[in-house]
Amino acid sequence: MHLVVCVKQVPDATEVKVDPVKGTLVRQGVPSIANPYDMHALEMALQLKDEHGAKITVLSMGPPQATDVIKRSISIGADDGRLLCDVAFAGSDTLATSYILSQAIKEIEKTDPVDIVFAGKMAIDGDTAQVGPGIATRLGYSLVTYCLGIDGIDTGRSVIKARRQLEGGCEVVEADLPVLITVVKEANEVRYASLPDLIKSIRSDVTVWNKEFFELDIPQCGLKGSPTQVKKIFPPPPKDVTPEIMNTGETGLDEIANTVAEAVSKAGIL
Amino acid sequence: MKKSVWIFIEQTDGKFNDVSWELLGKGRELATALDAELCGVLLGHKVIEMAEEPVYYGADKVFVIDDPLLEYYRTQPYAHGLVALVKEYKPEVFLMGATYLGRDLSGAVATHLKTGLTADCTVLNIDEETKLLHQTRPAFGGNIMATIYCASARPQMATVRPRVMSMPDRDASRKGQIIEAKLGLKETDISTRRVEFVCDPSTSFRIEDAQVIVAGGRGIGDGANFKLLKELADVLGGVVGASRAAVDAGWLDWSHQVGQTGHTVRPRLYISAGISGAIQHQVGMEGSDMIIAINKDPDASIFKIADYGIVGDALEIVPALTEAFRKMKGESG
Ligand SMILES: Cc1cc2nc3c(=O)[nH]c(=O)nc-3n(C[C@H](O)[C@H](O)[C@H](O)COP(=O)(O)OP(=O)(O)OC[C@H]3O[C@@H](n4cnc5c(N)ncnc54)[C@H](O)[C@@H]3O)c2cc1C
């Protein structure tokens, strides 16, 4: 089996700050991490590899330093990685991103046919959850989103059985291979690298593909290939209320409670 | 052909998702600004009998594809049906709920149509000058807002989470046109099949549906203290919510979490106790009609968006509120 896992390098959202004057993102000094959902996708692929044997290729699009997330993936068991890196890819929205990634997967398939492509449910910097369905649509693969686990693979019939997280319960589906699977955090716990594997991965070479290495229609890439554009970014506006503040240090508890209860009642909520 | 604004009408097992009506409410505003008609698109099996319902919430027309292959949601046949309709009728704007189903479907449809899609919008409006749809959404965990537009590709697609837009009134006297279309697929064209659906009651608790929420955060101090919040919620006919810190501490499960990575809620009354009011929490509850915040720190950011703020110990104030509401209900009968 050949599994491809899409991993994105993202700024650690807990550290992102906004410049209050200019209203722009302060990216300087913000650490980069592998998108947490993508690591759960990788773990799902690794568990398939442990059980059935498989080759895992990690695919990432991003700046040169995104080799870090590929090395991190290799340190916990991925076999190989490709970084798609070119100025022509910069500014891609989800449509252009899914185009570039699917073209790279087609190139990988030429030498090594792919059975399953894994991706995280979404990336924490954009929260869109659009790239996975986009890649599946472009490649004509089956699509299984919000996957909680794979229950079986029937290589003879070329189908997998998988569980999906949905509102109100869990759906068990059967999907023909090849399939694209997006993975939720609840699916598994991501393993840690052993020290020797970590050291080995740091020394490993990551293959970098620029736009010359695979078939691409350049107008479909980057800013030019992106139908959506950002008009402006700004800090969230403050809410327009003058709160009525009461302090238990100054006013009796009963009085405060009655004031609030009356206000709620006056608003017709009870 | 008159311009049109389309809303995907989401249903599961014949039950509509309210987000469809919320989007019809917003869609009406957009249609007026564009001088366009408002259309619902309803897919499923045995849904033709239900096709008038979107009209009652404001649709001028409802496109319906009723086919056994659409009995439960699957990406391929739903996307196939929608793409064919869009290619034929060419709407300007197409909105879906940012639900499990809507996020899956919108990504596939936008890719087929090679058009732009903006997820989780909180503000949608038509720019007066360009007549383009301006789609505003939080990014980077709510630290920043971005306004996005799609200049040339059509339709302009966006998803909106449940409870972000307000619910329009239902008017069963409204009249509209129902237009049926064919799916034109066979089972063998589809590469996924449902084996079974396992209901899980713990995931069917929907905090979005509550009219009153009493939410607790790290300041509640201990999972056992949540029973105080539960008592207040019970008196008010509401449910208990939580900040992420409270969920991470294991005091309540994720289905109760409000905020960026939890649920967006829009109840009539939101009472927060021991929650600091981080931006990621605020984005999930700032649309509540009335907000009462309890925090011992007078500088807590939650007070900036509250209608009433009470500075003090939540473990004293919450029982006092429970008592006051109980008394008030007793008096009014
Ligand atoms: C990407 C991202 C996504 C996130 N998503 C969410 C989300 O969906 N939902 C969410 O809630 N958070 C989310 N967060 C976390 C958020 O930033 C805050 O860390 C979190 O909301 C804090 O929870 P809290 O207010 O309960 O705890 P704290 O910030 O620790 O606040 C506790 C408050 O309780 C008060 N307090 C203490 N004791 C008492 C007492 N006895 N009586 C009254 N008040 C008391 C304190 O003054 C303090 O204000 C997210 C963060 C990131 C980075």
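Every chain is numbered from 1 and lettered A, B, ... according to where its sequence line falls, protein lines coming before strand lines.
- Contact of B:Glu316 with chain A is made through backbone and side chain together, with heavy-atom distances under 4.5 Å.
- At a 4.5 Å heavy-atom cutoff, the contact between B:Glu196 and chain A is made by backbone and side-chain atoms alike.
- Interface residue B:Ala151: backbone and side-chain heavy atoms are both found under 4.5 Å from chain A.
- The contact between A:Arg164 and chain B is made entirely by side chain atoms (from C-beta outward), counting heavy-atom distances below 4.5 Å.
- Contacts of B:Thr261 with chain A are absent, with no heavy-atom separation under 4.5 Å from either backbone or side chain.
- For the set A:Arg163, A:Lys161, A:Met246, the entry with the most heavy-atom pairs within less than 4.5 Å of chain B is A:Met246.
- The candidate from B:Arg137, B:Gln282, B:His134, B:Lys296 with the greatest count of non-hydrogen atom pairs under 4.5 Å with chain A is B:Arg137.
- When heavy atoms are compared at a cutoff of 4.5 Å, A:Tyr99 does not approach chain B at all.
- Atom CD of residue A:Glu167 and atom CG of residue B:Asn17 lie 6.5 Å apart, to the nearest 0.5 angstrom.
- Residues B:Thr192 and A:Glu174 fail the side-chain proximity criterion, which asks for heavy atoms closer than 4.5 Å.
- For A:Ile245, the parts sitting under 4.5 Å from any heavy atom of chain B are the backbone and the side chain alike.
- For the pair A:Thr248 and B:Asp313, the minimum side-chain heavy-atom distance is 4.5 Å or more.
- Contacts between B:Val235 and chain A at a heavy-atom distance below 4.5 Å are absent for every atom of the residue.
- Looking at A:Val159, the atoms closer than 4.5 Å to chain B (heavy atoms on both sides) all sit in the side chain, from C-beta outward.
- Atom CD of A:Glu189 has 12 or fewer heavy atoms from other residues, nucleotides or ligands within 6.0 Å.
- Only the side chain of B:Thr136 comes within less than 4.5 Å of a heavy atom of chain A; its backbone N, CA, C and O stay farther away.
- Side chains of A:Val260 and B:Ile310 form a contact here, defined as non-hydrogen atoms less than 4.5 Å apart.
- Most heavy-atom pairs under 4.5 Å with chain A, from the set B:Thr75, B:Ile148, B:Thr99: that is B:Ile148.
- Contact detail for B:Ala320 and A:Leu253: the closest heavy-atom pair is CB-CG, 3.8 Å.
- Between A:Lys231 and B:Asp127 there is no salt bridge, since no side-chain N of the basic residue sits under 4.0 Å from a carboxylate O of the acidic one.
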**Message:** One pair to check against side chain to side chain contact (heavy atoms under 4.5 Å, CB included): A:Lys232 and B:Met145. What are the steps and the verdict?
**Reply:** CA-CA 8 Å; A:Lys232 58 171 180 188; B:Met145 305 293 291; over 6 Å; no
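- One finds the OG1 atom of B:Thr111 at 6.0 Å from the CZ atom of A:Arg138 (value rounded to the nearest 0.5 Å).
- If you measure heavy-atom distances from B:Ile292 to chain A, the contacts under 4.5 Å come from the side chain alone.
- Contact annotation: the side chain of A:Val264 never approaches that of B:Tyr308 to less than 4.5 Å [non-hydrogen atoms, C-beta and beyond].
- For the set A:Leu143, A:Thr94, A:Thr137, A:Val172, the entry with the most heavy-atom pairs within less than 4.5 Å of chain B is A:Val172.
- Of the atoms belonging to A:Glu250, not a single heavy atom falls under 4.5 Å from chain B.
- The CD atom of A:Gln229 lies 13.5 Å from the OG1 atom of B:Thr147; values are rounded to the nearest 0.5 Å.
- Interface summary for chain A: among B:Thr12, B:Ile317, B:Thr115, the most heavy-atom pairs under 4.5 angstrom belong to B:Thr115.
- Residues B:Tyr73 and A:Leu166 form no side-chain contact, since every pair of their non-hydrogen atoms from C-beta on lies 4.5 Å or further apart.
- For chain A, the option among B:Val109, B:Leu117, B:Leu236, B:Leu105 with the highest count of heavy-atom pairs below 4.5 Å is B:Leu117.
- Here the NZ-OH distance, from A:Lys121 to B:Tyr100, works out to 5.5 Å after rounding to the nearest 0.5 Å.
- The environment of CG in B:Asp13 is sparse: at most 12 heavy-atom neighbours from other residues, nucleotides or ligands sit within 6.0 Å.
- With rounding to the nearest 0.5 angstrom, the CG atom of A:Asn258 is 10.0 Å from the CZ atom of B:Phe325.
- Contact annotation for A:Ala136: neither backbone nor side-chain heavy atoms come within less than 4.5 Å of a heavy atom of chain B.
- A pairwise comparison of heavy atoms in B:Met290 and A:Ala263 identifies CE-O, 3.7 Å as the closest pair.
- Looking only at side-chain heavy atoms (C-beta outward), A:Ile269 and B:Val212 come within less than 4.5 Å of each other.
- Looking at every heavy atom in both residues, B:Val195 comes nearest to A:Val173 through CG2-C, 4.0 Å.
- Taking chain A as the reference chain and counting heavy-atom pairs below 4.5 Å, the highest number among B:Ser191, B:Gly312, B:Gly107, B:Cys150 is found for B:Ser191.
- With chain B as the partner, the residue from A:Pro243, A:Ser226, A:Ser265, A:Gly268 showing the most heavy-atom pairs under 4.5 Å is A:Pro243.
- Residues B:Lys114 and A:Pro227 are not in side-chain contact: their nearest non-hydrogen atoms beyond the backbone lie 4.5 Å or more apart.
- Of the listed residues B:Glu323, B:Arg194, B:Arg193, B:Gln135, the one with more heavy-atom pairs under 4.5 angstrom with chain A than any other is B:Arg193.
- Counting only distance, with no hydrogens or angles, the side chain of A:Thr128 and the backbone of B:Ala119 share no donor-acceptor pair below 3.5 Å.
- Contacts of B:Asp120 with chain A are made by side-chain atoms alone, with heavy-atom separations under 4.5 Å and no backbone atom involved.
- Of the atoms belonging to B:Arg74, not a single heavy atom falls under 4.5 Å from chain A.
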